Amino acid sequence: MSQSTTVTTFEVGAMSAVVGAGIGYALAPRKYNLEQLLTIKPDVFEKSLPQQNMVKATDAQKIARDAIVKAREAISEAAAKNAAEEKLIEFLKSPDLDDYYRTIKESLPKARAQSAIIVGLLAGAVGTIARMIYNQKHS
């Protein structure tokens, strides 16, 4: 007697998504650090610290966001002169900017949750597509 168990495409996709979410969560940083905030792409920065969320923020958090935005602009301008690395190092050593980062750190979304969702969705899609291809080849 032979026993066989079938696994549906949905089950493969769901398990791939769960495994991918676990991997994404485990490999992602807890929150963006100051260096990442200063160097991430503008659209990612805006998603991390949206201007519209600053309406509910304290005055200290608003000042901190503005200081970080100005530092990002200065690094961008320095990049045009091939001096971005030096400017970044200067800002990372700045105690004022470090204080601003600590003030705004709680407003940052958890990078782990974002990574888990993205990697989970991608893994689920890849698992589902791979199972569909496998089913077509063996039908």
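It should be emphasised that the depicted structure is a prediction, and the values quoted were computed from it without experimental measurement.
Every residue two or more places apart in sequence or in another chain was checked for a side chain to side chain contact (heavy atoms under 4.5 Å, CB included) with Lys56, and none qualifies. When the side chain to side chain contact (heavy atoms under 4.5 Å, CB included) test is applied to Ala130, no partner is found at least two apart in sequence or on another chain. Qualifying side chain to side chain donor-acceptor pair (under 3.5 Å) partners for Glu46, counting only residues two or more places apart in sequence or in other chains: Arg65. Residues satisfying the side chain to side chain donor-acceptor pair (under 3.5 Å) criterion with Asp99, sequence neighbours excluded, are Arg102. Checked against side chain to side chain contact (heavy atoms under 4.5 Å, CB included), Met132 has the following partners two or more places apart in sequence or in another chain: Thr9, Thr128.
Through side-chain heavy atoms spaced under 4.5 Å, either directly or across other Ile, Leu, Val, Met, Phe, Trp or Tyr residues, Ile129 is tied to Ile133. The hydrophobic cluster around Leu122 extends to Ile118, counting ILVMFWY residues whose side-chain heavy atoms fall within less than 4.5 Å of a member. Taking Ile, Leu, Val, Met, Phe, Trp and Tyr as members and joining any whose side-chain heavy atoms lie under 4.5 Å apart, directly or through other members, Val18 forms no hydrophobic cluster with any other residue. Cluster partners of Val119 are absent, since no Ile, Leu, Val, Met, Phe, Trp or Tyr has side-chain heavy atoms less than 4.5 Å from it.
To the nearest 0.5 angstrom, Leu38 atom CG is 11.5 Å from Lys87 atom NZ. Of the inter-residue distances, the one linking Asn135 atom CG with Arg131 atom CZ reads 4.5 Å to the nearest 0.5 angstrom. Atom OH of Tyr100 is separated from atom CG of Leu34 by 12.5 Å, given to the nearest 0.5 angstrom.
Of all heavy-atom pairs between Ala123 and Gly20, the closest is CB-CA, 3.7 Å. Nearest heavy-atom pair, Gly127 versus Ser16, reported as atom, atom and distance to 0.1 Å: CA-OG, 3.5 Å.
A single hydrophobic cluster is not seen to contain both Leu121 and Met15; linkage of ILVMFWY side chains at heavy-atom distances under 4.5 Å, directly or through other members, places them apart. There is no path of hydrophobic side-chain contacts, each under 4.5 Å, that joins Val126 to Ile117.
Other residues, nucleotides and ligands contribute over 12 non-hydrogen atoms within 6.0 Å of the CD atom of Glu11.
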What pairs of donor and acceptor atoms, side-chain ones from residues 88-97 against any protein atom, are under 3.5 angstrom apart with sequence neighbours left out?
unit_1	atom_1	unit_2	atom_2	d
Ser94	OG	Asp96	N	3.4
Ser94	OG	Leu97	N	3.3

Validation: residues 67-84 side-chain donor-acceptor distances under 3.5 Å, sequence neighbours left out:
unit_1	atom_1	unit_2	atom_2	d
Arg72	NH1	Leu37	O	2.7
Arg72	NH1	Ile40	O	3.0
Arg72	NH2	Ile40	O	3.1

